[in-house]
Amino acid sequence: MKIALALIALALALPGAALAHTALCSCFDNADGTITCEGGFSDGSSASGVGLIVKDGSGKVIEQGAMDKTSKYTFKKPEGAYAVVYDAGEGHKIEIDGKKILE
C-alpha cells in the first residue's frame with residue numbers, strides 16, 4: 001500500500017516537472033553587416049517580447065531590444081568585441097560571445 005501511494009505521488013509530481021523549460025538562443029551573421037538572433041524555449045513556447053542586449057567588449061550596453069513576434073531580433077554587427085545577452089528572466093539568461101557568431 002505504501003509503495004502504491006508513493007508511485008501515485010510520483011506520478012502526480014511528474015507533470016509539473018514536464019512543464020519546466022530551458023531558454024534557447026542562437027545567433028548568426030547575415031554577411032550583410034547584421035546579426036540575427038532567434039530565441040525560444042525547449043517546450044516550444046515563443047520568445048516574442050524576450051529582451052536582448054548587445055554589449056561591447058567592456059560590457060557597456062550598446063543596443064537593447066526585444067524579440068519580435070517571430071522570436072527574432074536583428075541588429076547591426078558591432079565593430080570589435082561584443083556579446084549578446086538573451087534575457088528571459090532569472091535562470092533563463094544566455095550570453096553569446098560575438099566571436100562564436102558565424103555566417
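What's counted below: heavy atoms across the whole structure, side chains too, no hydrogens, waters or symmetry copies.
Among residues two or more places apart in sequence or in another chain, the side-chain contact (heavy atoms from CB on, under 4.5 Å) test is passed with Lys60 by Asp56, Ser58. Residues forming a salt bridge (Lys or Arg N to Asp or Glu O under 4.0 Å) with Glu63 (at least two apart in sequence, or on another chain): none. For Lys76, the side-chain hydrogen bond (donor to acceptor under 3.5 Å, both in side chains) criterion is met by no residue, not counting sequence neighbours. Residues satisfying the side-chain contact (heavy atoms from CB on, under 4.5 Å) criterion with Asn30, sequence neighbours excluded, are Phe28, Asp32, Thr34, Thr36, Thr74. In this view, Asp68 satisfies the salt bridge (Lys or Arg N to Asp or Glu O under 4.0 Å) rule with no residue, not counting sequence neighbours. Among residues two or more places apart in sequence or in another chain, the salt bridge (Lys or Arg N to Asp or Glu O under 4.0 Å) test is passed with Lys72 by Glu38.
With hydrophobic clusters built from ILVMFWY side chains whose heavy atoms lie under 4.5 angstrom apart, Leu24 does not share a cluster with Val50.
For residues 65-103, no pair satisfies disulfide (SG to SG under 2.5 Å), with sequence neighbours left out. Sorted by first and then second residue, the disulfide (SG to SG under 2.5 Å) pairs with a member in residues 58-103 form an empty list; sequence neighbours excluded. Residue pairs meeting the disulfide (SG to SG under 2.5 Å) criterion with at least one partner in residues 30-103, sequence neighbours excluded, are Cys27-Cys37. Within the structure, no pair that satisfies the ring pair (Phe, Tyr, Trp, His ring centres under 6.0 Å) test touches residues 50-81, not counting sequence neighbours. Sorted by first then second residue, the ring pair (Phe, Tyr, Trp, His ring centres under 6.0 Å) pairs that include residues 34-68, not counting sequence neighbours, are His21-Phe41.
Atom CD1 in Ile35 sits 10.5 Å away from atom CD1 in Ile96 (nearest 0.5 Å).
What you find for Ile101 and Asp29 is that their closest heavy atoms are CG2-N, 3.7 Å. Nearest approach of Ser48 to Lys69, heavy atoms of both residues: OG-CA, 3.6 Å.
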Please set out all donor-acceptor pairs under 3.5 angstrom arising from side-chain atoms of residues 78-89, sequence neighbours excluded.
unit_1 : atom_1 : unit_2 : atom_2 : d
Tyr86  : OH     : Gly40  : N      : 3.2
Tyr86  : OH     : Gly40  : O      : 3.2
Asp87  : OD1    : Gly89  : N      : 3.1

